[in-house]
Amino acid sequence: MDRPLLNRRLAEFGTTIFAEMSALAVRTGSINLGQGFPDADGPEEVREAAVRALRDGRGNQYPPGPGIPELRTAVAAHQERFYGHRGLSYDPDTEVLVTAGATEAIAAALLALLEPGDEVIALEPYYDSYAACIAMAGGRRVPVTLRPDPEAGAYRLDLDELRDAVTDRTRLILLNTPHNPTGTVLSPEELTEIARLAVERDLLVITDEVYEHLVFEGAHLPLASFPGMRERTVTIGSAGKTFSFTGWKVGWATAPPELINAVRSAKQFLTYVSAGPFQYAVAEALALPDDYFTGLRDDLRAKRDVLAHGLSEAGFRVYRPSGTYFITTDIRPLGHDDGFAFCRALPERAGVVAIPNAVFYDHKEVGAPFVRFAFCKSPEVLQEAADRLKRL
Ligand SMILES: *Cc1c(COP(=O)(O)O)cnc(C)c1O
């Protein structure tokens, strides 16, 4: 048995940093601004809807493979309500697939659409499941690095770098906007260029838009609503981030029938189905009035401002996010340049836990001096974290 147990595809991934940092938070009694989960649950009426479904025996046995019709209809109605003015709509019967969170939608899409050796372009730094799922699907990841612009206090996509990354082996672009961890919201111009490139080179696109309702300036523009994109794009959403129920693991993909069929082929052998009663509850959540969605955004914008202010006061260089619930900071003004060492020491030094952005990079050296803080926490917790960080 001298052969390693973990196979070569997964060997490089180890345990996620979130496990280590969350354990550190517990051990040191620190405020955990590492992993991105809200410290308050979503709307009471949505929780009640889940309880009702459980009690009434709806969803306690295997729901239909593509998702319950009520939820597929609600997802289609949500897309129509928010993006119909951009000409985007989906048929609930053939163009919507319910998944075990966005995570499964991403995994199933990659497993379904890639042949071994296909190249996948992803914006670096990237969400931690992307690299592992591309690897499990036998694909090759090709990072295109978002570059920090300290003047603008924001990250930028270099469209030339993106264009140069496309080769004859490129099968798809895996996009994420609003972007975790940098908080970047791709501009209409950037999305237009990405769409033009995808059409020109005949690429598929998987676009992870789980933060679609957390855009603080301007509006969210689904990539699928750009010319030539609907037919080649799998769009992914999730109830976890939009309704603050990250433990329910209800997500969805919308795409034309051929793409949905492909994704479903992989999905049916991953979980087959999941979250029966929660599917009924999320169907109700998606029909909440507009002021729920604007309220969520306004609430998180105010929280962003509290934490961003505190981090600046403490001496970090802050990249103020235009979306998501994460702030990326540069620790060099504090006299540090190794985010790993900084985050491992931070709980003892200041009683706060953060995540080193290097974990989200292939080019670790580029991400080394950056650290991510989550602000989906109560204003009191954020203020306390800000006060603690001033000790630095
Ligand atoms: C949280 C997150 C996900 C995972 O969503 P789930 O619905 O919990 O599986 C996917 N992509 C990004 C960018 C995220 O931040």
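Atoms within a ligand are numbered from 1 in the order they appear, just like the ligands themselves.
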- Task: List the closest protein heavy-atom neighbour of atom 11 (N) of ligand 1: residue, atom name, distance to the nearest 0.1 Å.
- Result: D208 OD2, 2.5 Å
- If the plane angle is over 60° it's perpendicular, under 30° parallel, otherwise tilted; pick one for Y325 and Y211. perpendicular
- Task: Could you list the residues that satisfy salt bridge (charged side-chain N to carboxylate O under 4.0 Å, His left out) with D338, not counting sequence neighbours?
- Result: none
- Message: Side chain, backbone, both or neither: which applies to K241 and ligand 1 if a contact is any heavy-atom pair less than 4.0 Å apart?
- Response: side chain
- Query: Looking only at heavy atoms, is any part of I236 under 4.0 Å from ligand 1, and if so is it the side chain, the backbone, or both, or is it neither?
  - Reply: neither
- Which of parallel (below 30°), tilted (30 to 60°) and perpendicular (above 60°) describes H213 and F293? tilted
- Between F326 and ligand 1, does any nitrogen or oxygen pair lie at a separation below 3.5 Å? no
- Task: For S238, take its heavy atoms, then give the atoms of ligand 1 lying under 4.0 Å from any of them.
- Result: 6 (P), 7 (O)
- Item | Geometric N/O contact N180 with ligand 1, under 3.5 angstrom | yes
- With sequence neighbours left out, the residues meeting salt bridge (charged side-chain N to carboxylate O under 4.0 Å, His left out) with R171 are none
- Task: Over 60° means perpendicular and under 30° means parallel, so classify the ring planes of F360 and F18, tilted if in between.
- Result: tilted
- Query: Among protein heavy atoms, which sits nearest to atom 5 (O) of ligand 1, and what does the distance come to when rounded to 0.1 Å?
  - Reply: A102 CB, 3.5 Å
- Message: Could you check whether E161 pairs with R147 (Lys NZ or Arg NE/NH1/NH2 to Asp/Glu carboxylate O, under 4.0 Å)?
- Response: yes
- Query: So which bit of T103 gets within less than 4.0 Å of ligand 1, heavy atoms only: side chain, backbone, both or neither?
  - Reply: both
- Please determine if K249 has a nitrogen or oxygen closer than 3.5 Å to a nitrogen or oxygen of ligand 1. yes
- Message: Parallel, tilted or perpendicular, judged at 30° and 60°: which one describes the rings of Y126 and Y130?
- Response: tilted
- Task: Looking only at protein heavy atoms, identify the closest one to atom 15 (O) of ligand 1 and say how far it is in Å.
- Result: Y211 OH, 2.6 Å
